[in-house]
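Worksheet for the structure shown next.
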Amino acid sequence: MVSRPFQVKCSGRAGLIGVARPAILAPMVKHRVHIKSFGCQMNKLDTALVSASLREAGFGLTDSVKEADAVVINTCSVREHAEARILSHLGHLKHLKQHRPGLVVAIIGCMAQRLGQTLLEHDAVNIVCGPTQIPQIAELIAESLAHSAKQLAVTAEIRHDAEPARQALEAFELAHAVDGEQGPATPGQAFVRVMRGCNNFCTYCIVPYVRGPEVCRPPQAILDQVKQLADEGIKQVTLLGQTVNAYQYTSGGKTWSLADLLHRAAEVEGIEWIRFVTSYPSEAFYDDILQAMASSSKVCNYLHMPAQSGSDRILRAMNRHYTAEQYLELLARARAVVPDIAVAGDFIVGFPGETDEDFQATVELVRRARYRNCFIFKYSPRPGTTSDKRHADTIPDEVKQRRNVELLAAQEQISAELSEAYQGRTVKVLVEGLSKKAHVNPTDGANHPQLVGRTATDYIVVFNGPPALAGQFARVRITQTSPLTLFGERID
Ligand code: 5AD
Ligand code: SF4
């Protein structure tokens with residue numbers, strides 16, 4: 001179903017010879033860097049790599065902007081709202097810099113790539129560094145600090161043949177993926193990138209423009225990383241790619257698929273759960289992945305497969321290569337192979353020209369798909385994308401808002417029904433840590449912080465227990481449910 005305009009898939013092991021790691025001199029005074037991350041899981045992973053590289057270069061990391069000599073902001077461009085939040089954050093930093101002109105502010109990530117040099121015109125900004133340039137970030141910060149907050153910008157032209165940048169990124173990823181000193185942001189869990197970029201060019205999406213074409217990482221590098229992470233005590237790995245199910249890599253006469261990676265990762269001792277996000281609804285690379293899920297207890301029964309719309313007309317305008325019926329057929333196949341699979345979706349409401357009828361087709365799809373959870377977004381025109389060039393953003397915000405609320409309500413009803421089925425059941429959860437919210441505990445009525453964890457099917461579970469359980473598995477009997485959260489008591 002998916003036709004790709006072009007493909008850049010690597011074959012053979014990426015040669016890393018000749019990729020010089022930047023020689024960074026450890027600063028005389030240990031400068032401290034504060035890092036803030038916006039956006040998706042790819043960004044979280046990049047933030048972790050950048051943190052590790054900064055520490056290796058001799059910087060200290062701090063949670064406090066007040067203590068920092070430099071601030072790094074990892075940015076997201078997927079919707080205007082994300083960029084607006086970042087700009088407002090930059091407003092605070094501009095204010096701070098009136099008293100501390102030597103503070104260095106570096107913008108990395110998608111917004112750095114999208115806006116490039118023009119971001120340097122913002123009074124707060126000293127460094128602009130695109131996502132493919134992050135191996136240089138420590139060097140850039142050191143240079144800016146050494147020259148009274150000098151302004152520097154590096155972004156790459158997004159090209160398909162940017163081999164040196166690709167090799168440098170691969171070397172950077174290998175060097176910093178396992179940060180034994182700092183440890184993972186969520187105990188026991190880590191992300192592993194299997195591919196970068198995207199070739200799909202859905203008409204609304206900025207990702208192919210800022211992250212470049214799809215490049216799959218060598219399977220051996222991915223599996224070595226999974227082994228190293230397991231050695232560091234990681235129990236769950238999430239394999240990341242914009243269209244992760246399309247992973248393909250030819251090496252030594254063998255073509256590797258995502259299913260091959262799942263099987264091999266499942267053999268790694270210590271790894272108990274493997275997830276993968278995000279899947280594109282495509283015929284290709286589908287059944288073998290479902291088989292891997294069905295046959296291995298380690299591959300979590302969870303599929304994040306965005307539909308974006310339930311209207312075939314809008315799906316065509318979005319350049320998505322399936323119809324609503326074909327999408328539902330894929331879900332039916334998934335449920336035939338993995339009966340208890342939990343499915344999550346993404347939807348965009350208010351795409352240009354979306355009529356009430358189109359929107360009702362989306363509501364209908366949501367009702368039939370029976371997602372465990374949906375992420376719903378109001379269409380946000382992104383400069384340079386095809387839909388922005390072709391169409392005005394015609395749907396008024398109050399209509400987008402109304403459709404957003406209606407779709408959420410339809411989903412909430414389904415989520416509530418699916419959650420209720422968990423009442424009285426005992427589930428296995430991977431504990432993340434203390435819940436940020438205080439919940440009323442149904443077992444003792446007390447209102448205090450409790451542990452939060454997730455099931456293999458990605459249900460959030462809140463229960464009582466010692467914080468030391470973070471990063472461990474626990475068994476919890478469910479005593480109360482809400483659409484998105486299950487509550488229960490731990491069974492020792
Ligand atoms: N406007 C609104 N939502 C968008 N997404 C991607 N681009 C846009 C846009 N321009 C949503 C899609 C995607 C998710 C990560 O963000 O639903 O799956
Ligand atoms: Fe790629 Fe489409 Fe996903 Fe954007 S929405 S990252 S273009 S598959």
Side-chain angles (χ1 to χ4, degrees), residues 1-8 38-44 76-84 109-111 113-114 131 158 193-216 240-247 276-282 284-285 303-311 314-322 327 343-354 362 365-366 369 371 373-395 397 399-401 403-404 407-408 411:
M1 258 194 297
V2 189
S3 78
R4 291 165 185 279
F6 51 80
Q7 292 215 327
V8 180
F38 291 83
C40 65
Q41 288 149 328
M42 281 283 177
N43 263 19
K44 283 192 185 146
C76 170
S77 280
V78 82
R79 280 170 292 276
E80 196 182 349
H81 178 67
E83 293 196 345
C110 295
M111 209 171 153
Q113 181 65 38
R114 193 177 86 72
I158 293 289
R193 190 176 347 246
V194 302
M195 65 215 277
R196 306 189 176 91
C198 183
N199 288 348
N200 274 353
F201 288 94
C202 302
T203 57
Y204 50 81
C205 187
I206 194 79
V207 168
Y209 301 89
V210 289
R211 292 266 172 178
E214 183 182 296
V215 177
C216 295
L240 290 185
Q242 302 291 350
T243 55
V244 70
N245 51 334
Y247 175 88
F276 57 92
V277 286
T278 300
S279 295
Y280 188 94
S282 121
F285 323 108
L303 187 67
H304 181 203
M305 191 164 76
Q308 310 296 3
S309 172
S311 154
I314 296 293
L315 285 170
R316 259 196 315 279
M318 287 176 162
N319 192 32
R320 303 283 290 182
H321 304 272
Y322 51 87
Y327 179 87
V343 185
D346 291 359
F347 285 91
I348 297 176
V349 293
F351 186 83
E354 185 188 67
T362 299
L365 176 64
V366 163
Y371 295 106
N373 188 18
C374 266
F375 303 94
I376 302 166
F377 308 102
K378 294 190 278 184
Y379 172 71
S380 168
R382 303 285 60 219
T385 58
T386 308
S387 72
D388 187 49
K389 285 189 210 151
R390 277 191 198 150
H391 319 282
D393 182 19
T394 48
I395 311 295
D397 194 59
V399 176
K400 287 181 186 168
Q401 184 60 24
R403 289 178 183 170
N404 192 344
L407 200 55
L408 266 178
Q411 177 55 44

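Note that this is a predicted model, so its numbers are computed, not measured. Order of listing sets the numbers, starting from 1, for every ligand and every atom in it. Values below: every heavy atom of this structure, side chains too, minus hydrogens, waters and symmetry copies.
Using a 4.0 Å cutoff on heavy atoms, Arg320 counts as a contact of ligand 2.
At a cut-off of 2.8 Å, measuring from atom 1 (Fe) of ligand 2, the protein N, O or S atoms that fall short of it are Cys198 SG, waters left aside.
Across every non-hydrogen atom of Pro383 and Arg114, the tightest pair is CG-NH1, 3.4 Å. Heavy-atom minimum distance, Gln411 versus Val366: OE1-CG1, 3.5 Å. The two residues Gln113 and Pro131 make their nearest non-hydrogen contact at CB-CD, 3.5 Å.
Aromatic rings of Tyr247 and Phe276 (six-membered ring for Trp) have centroids beyond the 6.0 Å cut-off, not under it. Residues Phe347 and Tyr371 bring their aromatic ring centres within 6.0 Å.
Atom numbering of ligand 1 starts at 1 in the shown order; those under 4.0 Å from a heavy atom of Val78 are 6 (C), 7 (N), 8 (C), 9 (C), 10 (N). Taking a cut-off of under 4.0 Å to the non-hydrogen atoms of Asp346, the atoms of ligand 1 that pass are 13 (C), 14 (C), 15 (C), 17 (O), 18 (O).
The nearest protein atom to atom 2 (C) of ligand 1, hydrogens excluded, is given as Lys378 O, 3.3 Å; this is a heavy-atom distance. In this structure, atom 7 (N) of ligand 1 lies nearest to the protein heavy atom Tyr204 CD1, 3.3 Å. Atom 5 (S) of ligand 2 has its closest protein heavy atom at Tyr204 OH, 3.3 Å. Ranking protein heavy atoms by distance to atom 5 (N) of ligand 1, first place goes to Arg79 NH1, 3.4 Å.
Scanning Arg382, Lys400, Gln308 for the heavy atom closest to atom 12 (C) of ligand 1 points to Gln308. Of the candidates Ser380, Cys202, Pro381, the one placing a heavy atom closest to atom 1 (N) of ligand 1 is Ser380.
Residues that satisfy the side-chain contact (heavy atoms from CB on, under 4.5 Å) test with Ser380, not counting sequence neighbours, are Arg79, Glu80, Arg382.
Within the 3.5 Å criterion, the main-chain N or O of Ser309 finds no donor-acceptor partner in the side chain of Thr362.
Ring-plane geometry between Phe351 and Tyr379 is classed as perpendicular, the angle between the planes exceeding 60 degrees on a 0 to 90 degree scale with a lower cut at 30. Ring-plane geometry between Tyr322 and Tyr280 is classed as perpendicular, the angle between the planes exceeding 60 degrees on a 0 to 90 degree scale with a lower cut at 30.
The presence of a protein heavy atom under 4.0 Å from atom 3 (Fe) of ligand 2 is ruled out.
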Would Arg403 and Glu354 satisfy salt bridge (Lys or Arg N to Asp or Glu O under 4.0 Å), going step by step from the backbone distance to the final call? CA-CA 11 Å; Arg403 289 178 183 170; Glu354 185 188 67; 2.9 Å; yes

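Taking 4.0 Å as the cut-off between side-chain N and carboxylate O, Asp393 and Lys400 count as a salt-bridged pair.
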